[in-house]
Amino acid sequence: MSKNTPQAIRGTQDIFGPDAEAFAFVVETFERVRRLYRFRRVEMPVFEKTEVFARSIGETTDIVSKEMYSFEDRGGESLTLRPEFTAGIARAYLTNGWQQHAPVKLATHGPLFRYERPQKGRYRQFHQIDAEIIGAAEPQADVELLAMADQVIRELGITGVTLHLNTLGDADSREAWRAALVEHFRAVKGELSEESQERLEKNPLRILDSKDRRDRQFVADAPVIDQFLSDEARSFFDAVTSGLDAAGVKWKRAESLVRGLDYYRHTAFEFIPDEGSEAAGKLGSQSTILGGGRYDGLMESLGGAPTPAVGWAAGIERLAMLVGASDTVLSDRLTYVVTTEHEGLEPIAWRLASLLRQAGSATDVILTGSVKKRFKKANSLEADAILVVRPDSDKQSADALIDFKVSDEEQRVDLEMEFEDIASRFSEVEFAEEYHGFDAKLTFLQ
RNA sequence: GCGAUCGUAGCUCAGUUGGUUAGAGCGCCGGUUUGUGGUACCGGAGGUCGGGGGUUCGAGACCCCUCGAUCGCCCCA
């Protein structure tokens with residue numbers, strides 16, 4: 001690499017090869033499942049006015065206070081590259097009058113931006129799949145949303161991952177719980193980790209999932225949300241859990257699971273790899289692959305009418321890391337390779353490749369470089385069959401000799417039938433079996 | 001923002017306590033052999049050793065700065 005070549009921006013990635021295939025597999029699977037659940041596709045801008053995120057996510061959160069890619073445009077307005085989907089979707093819902101469609105199920109995916117130190121499973125430009133149900137207050141919406149998440153993960157073939165579920169109660173429950181936690185931890189402030197002492201002021205709920213040993217003992221006997229749950233909040237959570245059971249979604253109660261963003265109420269959840277599982281190993285210290293919850297208060301923070309909503313987002317890169325191994329799903333079959341060892345016959349080879357592709361067969365072409373090495377190169381592509389175009393001494397035209405690269409006779413017959421069918425669709429070629437040791441021959445008609 | 005490890009050909013890496021023209025494998029390009037073929041052999045191209053500064057007679061190796069990568073903390077997907 002020349003020193004004149006600009007480098008990619010830190011924390012961005014150029015994805016290629018198996019990683020790119022895994023990435024595409026995640027997106028394709030999500031798109032398929034989202035249709036099964038009748039979620040409607042939406043596209044949103046990648047940037048918004050800064051206030052869209054600042055007002056909805058919470059000024060004190062790390063995302064807003066130090067991780068946003070914000071800049072002034074030429075008109076002097078502060079804009080921000082989206083750090084998440086939900087705020088932008090909420091804004092779109094309000095500004096486009098999507099209330100008329102409520103309740104709506106929406107799905108999207110694309111890049112997000114957060115100015116963080118990159119590490120395994122974490123990038124400055126990363127990608128998520130996202131699903132939201134807006135305008136539905138009933139717990140069945142939470143259940144449907146989670147059932148969809150569960151199915152996406154299952155259809156990706158990911159195992160060793162469990163849904164961790166909690167409730168944060170309604171606004172009053174959450175406030176009362178928060179106050180009790182602050183009181184509880186303030187009493188032992190001096191013995192908490194430095195980080196948790198800070199969290200006490202900024203975001204006391206987060207002390208609950210601190211990894212620090214010093215905090216653990218106090219977390220163990222900290223007040224639990226259940227003590228502060230209103231009857232309504234409790235029955236809402238009960239309805240969610242029994243709905244999940246009915247839908248066959250496995251879950252696990254996680255009393256100390258809190259989500260970082262201010263707008264969450266009631267249901268909060270994360271899909272997390274089981275400790276010691278293969279999935280956990282692949283993800284490094286980034287444990288959450290999918291997270292979300294109910295955000296009934298969000299619309300109001302953007303000046304809209306109170307609107308109930310639930311949603312989740314999952315990191316495509318993190319999901320892709322977990323499906324990476326099962327490459328059987330990922331590798332596209334290369335059916336044919338076309339080549340010729342005779343200068344001048346390249347146009348016919350190109351024509352043949354064109355026919356095969358029009359017939360819907362994946363076809364590669366080797367027509368450059370040393371004539372003598374083309375067959376070798378074609379061989380190394382591991383296609384099902386190699387077609388070598390060579391002159392026909394009798395008719396002064398050309399033939400394509402076909403070498404089926406298959407392991408058994410049954411496969412060979414299948415491929416031959418498939419090829420014969422393709423050939424029959426085009427009037428300019430004629431298929432014939434067995435020719436001088438090759439599996440078949442294709443004659444170009446004049 | 002903090003910490004640790006690392007940065008030599010397109011890729012994976014070797015380069016001994018600092019010592020002459022910086023190496024290997026794979027890949028790429030070409031040739032020979034084989035001769036309808038997934039072989040073997042030969043040759044070639046490609047590196048101002050991430051960048052800058054310093055120590056030294058001499059630095060890919062040592063020191064400082066910087067950029068980047070990886071992993072962890074924080075936080076999150």
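Convention: sequence-line order gives letters A, B, ...; per-chain numbering from 1. Source: prediction; values computed, not measured. We use all heavy atoms of the structure for the numbers below, so side chains are in, but hydrogens, waters and symmetry mates are not.
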Separation between the C1' atoms of B:rG60 and B:rU16, rounded to whole Å:
14 Å
Collect all protein-nucleotide pairs involving nucleotides 27-34 of chain B in which both atoms are nitrogen or oxygen and the distance is under 3.5 Å.
from	atom 1	to	atom 2	distance (Å)
B:rC29	OP1	A:K377	NZ	3.1
B:rG30	OP1	A:S370	N	2.7
B:rG30	OP2	A:S370	N	3.4
B:rG30	N7	A:K373	NZ	3.2
B:rG30	O6	A:K373	NZ	3.4
B:rG31	OP2	A:S370	OG	2.9
B:rG31	N7	A:K373	NZ	3.2
B:rU32	OP2	A:K372	NZ	3.3

Heavy atoms under 4.0 Å, any strand shown: does A:G11 hit a base, just sugar-phosphate, or nothing?
sugar-phosphate
Could you tell me whether A:R259 and A:E270 have a side-chain N and a carboxylate O separated by less than 4.0 Å?
yes
Return the value, rounded to whole Å, for the distance between atom NE2 of A:H342 and atom C1' of B:rU36.
10 Å
Presence of A:R10 side-chain N/O under 4.0 Å of B:rC67 phosphate oxygens OP1/OP2:
no
Donor/acceptor link under 3.5 angstrom from A:E341 side chain onto base of B:rG37:
yes
Would you find more than 12 non-hydrogen atoms of other residues, nucleotides or ligands less than 6.0 Å from A:R40 atom CZ?
no
If you measure from the P atom in B:rG51 to the same atom in B:rA9, how many Å do you get, rounded?
10 Å
Exam field: side chain A:W177 to backbone A:L168, donor-acceptor pair closer than 3.5 Å:
no
Is there a Watson-Crick or G-U wobble partner for B:rC26 with both distances under 3.5 Å, and if so, which one is it?
B:rG10
Does a salt bridge link A:E341 with A:K376, judged by any charged N lying under 4.0 Å from a carboxylate O?
no
For B:rC6 versus B:rU66, give the span between their C1' atoms, rounded off to a whole number of Å.
16 Å
Could you measure between the two C1' atoms, the one in B:rG37 and the one in B:rA14, and give it in whole Å?
36 Å
Using a strict 4.0 Å threshold on nitrogen-to-oxygen distance, state whether A:R412 and A:E416 make a salt bridge.
yes
Any strand counts, and the cut-off is 3.5 Å on both contacts for Watson-Crick or G-U wobble. Which nucleotide pairs with B:rG3?
B:rC71
Electrostatic pair A:R34-A:E31, nearest N-O below 4.0 angstrom:
yes
Using a 4.0 Å cut-off on protein heavy atoms (strictly under), produce a 5'-to-3' string for nucleotides 72-77 of chain B with B for base contact, S for backbone-only sugar-phosphate contact, and - for none.
BBBBBB
Gap in Å between the two P atoms, one belonging to B:rC71 and one to B:rU55, rounded:
37 Å
Expected rows: protein N/O vs nucleotides 44-46 of chain B N/O, under 3.5 Å:
none

B:rU17 and B:rU21: how far apart are their C1' atoms, nearest whole angstrom?
24 Å
A:I402 has an atom CD1; how far is it from atom P of B:rG37, in whole Å?
15 Å
Expressed in whole Å, how much space separates the C1' atoms belonging to B:rC2 and B:rC62?
27 Å
Distance between the C1' atoms of B:rC63 and B:rU56, in whole angstroms?
12 Å
